[in-house]
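Counting starts at 1 for both ligands and their atoms, following the listed order. Note that this is a predicted model, so its numbers are computed, not measured. We use all heavy atoms of the structure for the numbers below, so side chains are in, but hydrogens, waters and symmetry mates are not.
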Amino acid sequence: MKKKLAHLALAAVLAGSAFTASGAVDEDFMRNVEDTFKSADSAIGLKDAKTATADARELEKMFKEVVDHYVKKGDAEEGVKLSEKSIALSTKIVTTVAANDFDSAAAASAELGRACKTCHNVYKQD
Ligand code: HEC
């Protein structure tokens, strides 16, 4: 119950933002992840700190949903690990951009791109 309330609160906070906190890692959710990731990556290239920070914060939230998803799913250690890594890399983008270190932000973004692929190799069926 407590968890559900927290989830509703999160959904309320995020209402009006680009994605809805459904808790499901599905195609719509992932397309939002991809759009946000691409936007962050190009903002880093343009040294647009404001956009890069907003997008990376959004990615942190989305990957928290992904962690929840794999924790609930159970027996998905790799999914939990990779989504936690993705949160950490999103945070790294925020902190490096704040330090005006766009080279490190670009490196974190590239690493995040690899984490996407690693997880897809394990969990995404085509
Ligand atoms: C921890 C696991 C995990 C991580 C990390 C992850 N994804 Fe995904 N992704 C998935 C799964 C699972 C699917 C399949 C979802 C489905 O089809 O229901 C998917 C599907 C996708 C799709 C296909 C959606 C479609 O139209 O079918 C895109 C695009 C995508 N992810 C982008 C990304 C990007 C960009 C990142 C990194 C910034 C990322 N993902 C990180 C698990 C992950």
Residue N121 excluded, over 12 heavy atoms near CG under 6.0 Å: yes
D55 and S39 side chains, donor-acceptor separation under 3.5 Å: yes
Partner set under side-chain hydrogen bond (donor to acceptor under 3.5 Å, both in side chains) for E27, not counting sequence neighbours: R31
Ligand 1 contact on V66 by region, counting heavy-atom pairs under 4.0 Å: side chain
Protein contact of atom 27 (O) of ligand 1 - nearest heavy atom, named by residue and atom, plus distance: E27 CG, 3.3 Å
Closest protein heavy atom to atom 18 (O) of ligand 1, given as residue, atom name and distance to 0.1 Å: D26 CA, 3.6 Å
Contact check, F29 vs ligand 1, heavy-atom distance below 4.0 Å: no
Note, S42 side chain near F37 side chain (heavy atom, < 4.5 Å): no
Any Y70 side-chain heavy atom under 4.5 Å of L82 side chain: no
ILVMFWY cluster, V94 and L89 together (side-chain gap under 4.5 Å): no
Polar proximity ligand 1 side, R31 side, N/O cut 3.5 Å exclusive: yes
Numbered atoms and elements of ligand 1 in range of S86, under 4.0 angstrom, heavy atoms: 5 (C)
Polar protein atoms near atom 8 (Fe) of ligand 1 [N, O or S; cut-off under 2.8 Å]: M30 SD, H120 NE2
For M30, the option from M62, H120, K124 that meets side-chain contact (heavy atoms from CB on, under 4.5 Å): H120
Numbered atoms of ligand 1 (with element) below 4.0 Å of G79, judged on heavy atoms: 1 (C)
Within-4.5 Å side-chain heavy-atom neighbours: S86 and V66: no
Close-contact set for ligand 1 against Y70 heavy atoms, below 4.0 Å: 1 (C), 2 (C), 12 (C), 42 (C)
pair I87-L59: side-chain heavy atoms closer than 4.5 Å: no
K81 side chain reached by K85 side chain, heavy atoms, under 4.5 Å: no
Under 4.0 Å to a heavy atom of F63 - the qualifying atoms of ligand 1, by number: 5 (C), 37 (C), 38 (C), 41 (C)
